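All remarks here apply to the structure that follows.
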Amino acid sequence: MSSAVPNHVAIIPDGNRRWAKSKGLGVVEAHKAGYETLKKMADAAVERGITTLTVYAFSTENWQRTRDEVGALLKLLEWGLKNEVKHYHKRGVRLNFWGRRDDLPGGLAAALNEAEKLTHHNANATFNICFNYGGRADIVAAVNRTLESGVKAVDEEAFANYLVSAGTPDPDLIIRTSGEQRLSNFLPWEGAYSELYFTDTLWPEFDEAELDKALAEYANRGRRFGQ
């Protein structure tokens, strides 16, 4: 049996656009609804004793979406950082952002840096937001950093220190919403032994009851780590 509450939960929040389409809404409303769910789940995770939450907010492949949708996502994150970071700071939550920043607008990149700086010493929980992140790209970048360091050989533990997730325990549980059953380039190294939980619920409709279902399923599984 697994521990009742996983230390690290990672989420692929899928289904915003399908939810909006079913309501006759556009993509901007879709992602605003998804953002509201994200805030609620971050608070719910802290309340349940989950010490690390990692969310796949924007992948490196998402740049292929329409300019309007990408622009809306960038503006939404920047707005959230400027208006919500104090909420997490007061709750003792540390914010980390995993992904490339050189492709982001200057204002957004600066907001990311400020949020990390403000919450750096918080220790109640950690909230990792994967934005402009791709798992394979991160592994390639880690290989290049390893080569640049002059190291001739590494083991798994040493190599993990070159990943963007360095210092973070691997996720115990990965949740994906909307019925899709794949990881989509999300934490391919870190999630090697994670328990996977898939639900048909669209992300804007994912609530505390749905989170508790996932946690209950996790608690009933036996983790063997290949043994």
Side-chain angles (χ1 to χ4, degrees), residues 6-14 38 51-67 69-71 73-78 80-81 85 93-122 125-176 180-196 225-226:
N7 291 318
H8 183 180
V9 174
I11 301 178
I12 304 173
D14 196 13
L38 179 58
T51 56
T52 303
L53 177 68
T54 301
V55 176
Y56 203 10
F58 187 88
S59 76
T60 50
E61 290 77 24
N62 287 157
W63 291 105
Q64 300 174 37
R65 295 184 177 181
T66 67
R67 180 177 298 181
E69 182 174 0
V70 171
L73 283 164
L74 296 176
K75 290 178 181 177
L76 186 58
L77 177 59
E78 185 171 353
L81 289 170
V85 66
V93 176
R94 179 178 179 179
L95 297 177
N96 292 323
F97 297 90
W98 294 354
R100 294 180 55 182
R101 303 188 191 192
D102 52 356
D103 295 334
L104 302 179
L108 176 54
L112 296 178
N113 293 335
E114 286 299 317
E116 286 185 329
K117 182 178 179 180
L118 177 65
T119 64
H120 179 72
H121 296 291
N122 293 342
T126 299
F127 184 14
N128 304 310
I129 300 175
C130 296
F131 201 91
N132 199 20
Y133 168 86
R136 288 184 174 182
D138 186 39
I139 291 172
V140 170
V143 170
N144 287 326
R145 284 191 288 268
T146 304
L147 295 172
E148 291 168 1
S149 72
V151 175
K152 294 183 179 180
V154 293
D155 57 16
E156 290 184 13
E157 182 178 357
F159 180 74
N161 290 324
Y162 291 92
L163 295 167
V164 70
S165 59
T168 302
D170 291 341
D172 301 295
L173 173 66
I174 298 178
I175 299 169
R176 180 163 188 160
E180 303 294 345
Q181 297 187 18
R182 56 182 178 272
L183 294 180
S184 298
N185 203 19
F186 181 53
L187 305 179
W189 177 280
E190 298 87 344
Y193 286 103
S194 301
E195 294 297 315
L196 306 180
F225 298 96

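The structure displayed is predicted, hence computed values, not measured ones. Both backbone and side-chain heavy atoms feed into the values below; hydrogens, waters and symmetry mates do not. Counting begins at 1 with the first residue of the sequence.
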Say you draw a straight line from CG of L118 to CZ of R94; how long is it, rounded to the nearest 0.5 Å?
12.0 Å
Minimal non-hydrogen separation, P171 against G191, with atom names
CG-CA, 4.3 Å
Roughly how far, to the nearest 0.5 Å, is the CZ atom of R65 from the CG atom of L73?
7.0 Å
Spell out, as yes or no, whether a donor-acceptor pair under 3.5 Å connects the side chain of E116 to the backbone of F97.
yes
Ignoring hydrogens, what is the shortest heavy-atom contact between L183 and Y56? Give both atom names and the distance.
O-CE2, 4.2 Å
So which of T168, T54, T52 actually passes side-chain hydrogen bond (donor to acceptor under 3.5 Å, both in side chains) with N128?
T54
Distance-only donor-acceptor check, side chains R136 and T60, under 3.5 Å:
no
Would you check if the side chain of S59 reaches a backbone N or O of G134 as a donor-acceptor pair within less than 3.5 Å?
no
Closest heavy-atom contact between G135 and P188?
CA-CD, 3.5 Å
For Y162 and S149, which I'm curious about, is there any donor-acceptor pair between the side chains at under 3.5 Å?
yes
Tell me whether N113 contacts the main-chain N or O of A110 through its side chain, where contact means a donor paired with an acceptor under 3.5 Å.
no
Could you tell me if N7 and D172 have a donor-acceptor pair between their side chains, going purely by distance under 3.5 Å?
no
May I have the step-by-step check of ring-ring contact (aromatic ring centres under 6.0 Å, His included) for F58 and F131, ending in yes or no?
CA-CA 5 Å; F58 187 88; F131 201 91; 4.8 Å; yes
Atom pairs and distances, side-chain donor-acceptor, residues 151-158, under 3.5 Å, sequence neighbours left out:
from: D155; atom 1: OD1; to: E157; atom 2: N; distance (Å): 3.3
from: D155; atom 1: OD1; to: A158; atom 2: N; distance (Å): 2.8

Please round to the nearest 0.5 Å and tell me the distance separating atom OG1 of T126 and atom CG of L53.
10.0 Å
Do T119 and V85 have side-chain heavy atoms sitting under 4.5 Å apart?
yes
Using 0.5 Å steps for rounding, measure from the CD1 atom of I175 to the CG atom of L173.
4.5 Å
So F186 and Y133, would you call those rings parallel, tilted or perpendicular, with 30° and 60° as cut-offs?
perpendicular
Provide the closest heavy-atom pair for L38 versus F127 in the form atom of the first, atom of the second, distance.
CD1-CZ, 3.7 Å
In sequence, state the C-alpha distance, the side-chain angles, and the governing distance for L95 and N122, and then conclude on side-chain contact (heavy atoms from CB on, under 4.5 Å).
CA-CA 9 Å; L95 297 177; N122 293 342; over 6 Å; no
Side chains of I129 and W98: closer than 4.5 Å at any heavy-atom pair?
no
Answer yes or no: is there an ion pair linking R145 with D138, defined by an N-O contact shorter than 4.0 Å?
yes
Can you tell me how far the CG atom of N185 sits from the CD1 atom of I139, to the nearest 0.5 Å?
8.0 Å
Restricting to non-hydrogen atoms, name the atom on L81 and the atom on A111 that form the minimum distance, rounded to 0.1 Å.
CD1-CB, 3.7 Å
Run the numbers on R176 and E195 for salt bridge (charged side-chain N to carboxylate O under 4.0 Å, His left out), then give the verdict.
CA-CA 11 Å; R176 180 163 188 160; E195 294 297 315; over 6 Å; no
Do T51 and H8 pair up side chain to side chain, a donor and an acceptor below 3.5 Å, judged on atom types alone?
no
Taking atom CD1 of I12 and atom SG of C130, what is their separation to the nearest 0.5 Å?
10.0 Å
Nearest atoms (heavy-atom pairs only) where A166 meets N161:
CB-O, 3.4 Å
Those residues that, when tested against W63, pass side-chain hydrogen bond (donor to acceptor under 3.5 Å, both in side chains) (two or more places apart)
N132
K75 bridged to E69 by N-O distance under 4.0 Å
no
